[in-house]
Number of protein chains: 2
Amino acid sequence: MDIATPATPDRRPHDEPRERILLAAGREFAERGYEAATVRDICAAAGVNVAAVNYYVGDKHRLYIESVKHAHESRVRQVPLPEWDSSVPAERRLHDFVDNMLERMLGLAQPPWQVRLMMREVLQPTEACRELVEDYIRPHFAILVAILDDLAGGRLTQPELRRVALSIIGQCFLYRAAGDVVGMLVPPAELETLHTPPRLAEHVTRYALAALGRVPPLAGAGMDVSSQDVVA
Amino acid sequence: MDIATPATPDRRPHDEPRERILLAAGREFAERGYEAATVRDICAAAGVNVAAVNYYVGDKHRLYIESVKHAHESRVRQVPLPEWDSSVPAERRLHDFVDNMLERMLGLAQPPWQVRLMMREVLQPTEACRELVEDYIRPHFAILVAILDDLAGGRLTQPELRRVALSIIGQCFLYRAAGDVVGMLVPPAELETLHTPPRLAEHVTRYALAALGRVPPLAGAGMDVSSQDVVA
DNA sequence: AGTTGATTGAAACAAGCGTTTGAAATGGTT
DNA sequence: AACCATTTCAAACGCTTGTTTCAATCAACT
């Protein structure tokens, strides 16, 4: 009845089967959702027997939580927070931050199912969500708010800064979460050329900087800013 | 084998059981998702026998599509697009549009499951999605783009206008789709007072107008705009 | 080689699912 | 009252699910 731990609990060179199961589970849960994903399919994809999930993890529920944590950890390892020299201006820090976030959400750097899995947690939180917010989302959010505070030069209150931060995150979020619908609203050619992470980062950044008054407005009176670079 | 239609196919005064089934199905699908929702639970909630879904709709898959369409239709009926007199300035039209969208997404005017159901379609499209986009989302999108075109006074290209429109929608989308996570990032007191549809509409609108240069920047040099109304 | 404990595998289990059945109930029409 | 099509119901069907069983296999150490 008690959950079996893989033999020597301390550590073994490669926890290979367990790793394979967690990876396959993440892929399957991300694509089909918790209920629709089946233990049999996961085990088939991982190349292990169905009994292995019981042996290594316990049951389906624990398998889900473990796979979310595993995806989360490997993601933190591979796409670290950007770090800046103290001399870097706030405009550039904002641009880098947005670019990093979009690259992490949309970029091809990582298998897409990892983001999908976390997107599911965000949209309909389970147990794994609170941990995800505290470890991963809140630190990012705090950094963004700090950058915006610099940009506003203390002229905005914390609630105002938070709302601006959410405005920026919301834009990135849309492209990831509702990407399919966005694809139906925008001409295909435009999608390929303009809706890439760097281009979108430029737009979101300029949009924010213009709103904050750090660059001229997007549609300033007679002023063409479309060819202007967003950072000095 | 052929799908039974409710007796006299043309029309009957009250298609009561069918209506009850579709409503209960929408609620259940919205809350639990397609796979996790069970026909038995839906029928129990609707107060009908499990065989009724076969009799009135056909099978589970068709039940899902019909419930999405039903929710969509009743929503269009209840929250119509705002219409403006030709003299209304573009700033006010933008504000009204955003307010309307947020009220529709977050407001208490309608049962929340209807929006959740459509949110699911947006996030992971099925057959019902394309219809949803064409009938409901694209017209809204076109109106928003037209308003922004007015505001920009022809100084922005169509792709630029579309990206600004998506920026605005993204902000509203975040509060609905990731509302739980937003609730974890923002102090509870702030949530209740500032994260209401009218307050958020004001923020999103001012943010856009500032970016477009139609109102002073949010953090203008020494200029306090926080108490200023967004519309003339 | 032999023993021991960790790991794998095929098969079976109970439970829940969507769906179907055929008879009972219903309500209007003759 | 007798008929009829329409609508409801309890029960069961076949299938898939998550989980468990227990024997077979493997790897390391004596």
Side-chain angles (χ1 to χ4, degrees), chain A residues 1-68 126-128, chain B residues 1-29 31-68 126-127:
Chain A
M1 186 56 85
D2 50 353
I3 288 98
T5 46
T8 56
D10 23 33
R11 66 178 139 158
R12 304 181 312 133
H14 288 307
D15 224 350
E16 227 210 87
R18 191 185 143 95
E19 186 100 356
R20 279 211 314 272
I21 293 174
L22 256 39
L23 280 174
R27 248 183 290 261
E28 212 71 14
F29 284 135
E31 221 53 48
R32 307 196 200 286
Y34 180 78
E35 314 281 345
T38 74
V39 174
R40 277 174 169 82
D41 285 350
I42 291 169
C43 289
V48 300
N49 191 269
V50 284
V53 47
N54 179 9
Y55 184 74
Y56 282 103
V57 188
D59 56 7
K60 187 187 182 183
H61 186 231
R62 193 136 16 208
L63 175 60
Y64 174 74
I65 295 179
E66 290 298 319
S67 71
V68 170
T126 71
E127 295 173 34
Chain B
M1 186 55 84
D2 51 354
I3 288 97
T5 46
T8 55
D10 24 32
R11 65 179 140 156
R12 304 181 312 130
H14 289 308
D15 224 349
E16 226 210 87
R18 190 185 143 94
E19 187 100 356
R20 277 211 315 271
I21 293 173
L22 256 40
L23 281 173
R27 247 184 290 261
E28 212 70 14
F29 284 135
E31 221 53 48
R32 306 196 201 286
Y34 179 79
E35 314 280 346
T38 73
V39 173
R40 280 176 166 82
D41 286 350
I42 290 169
C43 289
V48 300
N49 192 271
V50 283
V53 47
N54 179 9
Y55 185 75
Y56 282 103
V57 187
D59 56 6
K60 188 188 182 184
H61 186 231
R62 196 141 9 214
L63 175 60
Y64 174 74
I65 294 179
E66 290 298 319
S67 71
V68 170
T126 70
E127 296 175 34

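Quick caveat, the model's predicted, so the values are computed rather than measured. Throughout, protein chains are lettered first and strands after them, A, B, ... in sequence-line order, and every chain is numbered starting at 1.
Atom OH in A:Tyr34 sits about 14 Å away from atom P in D:dT17, given to the nearest Å. Atoms CZ (B:Arg62) and P (C:dG18) sit 16 Å apart, rounded to a whole Å. In this structure, CG of A:Leu63 is placed 9 Å from P of D:dT19, rounded to the nearest angstrom. Counting to the nearest Å, the P atom of C:dT7 and the OH atom of A:Tyr55 are 4 Å from each other. For A:Lys60 and C:dA15, the NZ to C1' distance is 14 Å, given to the nearest whole Å. Separating the CD atom of A:Glu35 from the P atom of C:dG16 is a distance of 14 Å, rounded to the nearest angstrom. Atom pair A:Ile21:CD1 and C:dT7:P shows a separation of 12 Å (rounding to whole Å applied). The interatomic distance linking B:Arg18 (CZ) with D:dT8 (P) rounds to 13 Å, in whole Å.
The phosphate of D:dT20 (OP1 or OP2) has a side-chain N or O of A:Asn54 nearer than 4.0 angstrom. OP1 or OP2 of C:dT8 sits under 4.0 Å from a side-chain N or O of A:Tyr56.
In this structure, OH in A:Tyr64 is found 13.5 Å from CD in A:Glu28, a value given to the nearest 0.5 Å. From B:Asn49, atom CG reaches atom CG of B:Asn54 across 10.5 Å, with rounding to the nearest 0.5 Å. The CD1 atom of A:Ile42 lies 11.0 Å from the CZ atom of A:Arg27; values are rounded to the nearest 0.5 Å.
Side-chain atoms of A:Tyr34 come within 3.5 Å of backbone atoms of A:His61 as a donor-acceptor pair (strictly under, hydrogens ignored). Between the side chain of B:Asp59 and the main chain of B:Arg62, a donor-acceptor pair closer than 3.5 Å is present.
Comparing C:dT20, D:dT6, D:dT21 against the side chain of A:Ala51 picks out D:dT21 as the nearest. With D:dC9, D:dT19, C:dA6 as the candidates, the nucleotide lying closest to the side chain of A:Asp59 is D:dT19.
Within the nucleic acid shown, A:Ala36 has no heavy atom closer than 4.0 Å to any nucleic acid atom.
Partners of A:Val48 according to the side-chain contact (heavy atoms from CB on, under 4.5 Å) rule, which considers only residues two or more places apart in sequence or in another chain, are A:Arg20, A:Ile21, A:Cys43, A:Ala46, A:Ala52.
Within residues 38-47 of chain B, the residues that have a heavy atom under 4.0 Å from DNA chain D are, in order of number, B:Arg40.
Of the charged side-chain nitrogens involved, at least one lies within less than 4.0 Å of a carboxylate oxygen, so that A:Glu66 and A:Arg18 count as a salt-bridged pair.
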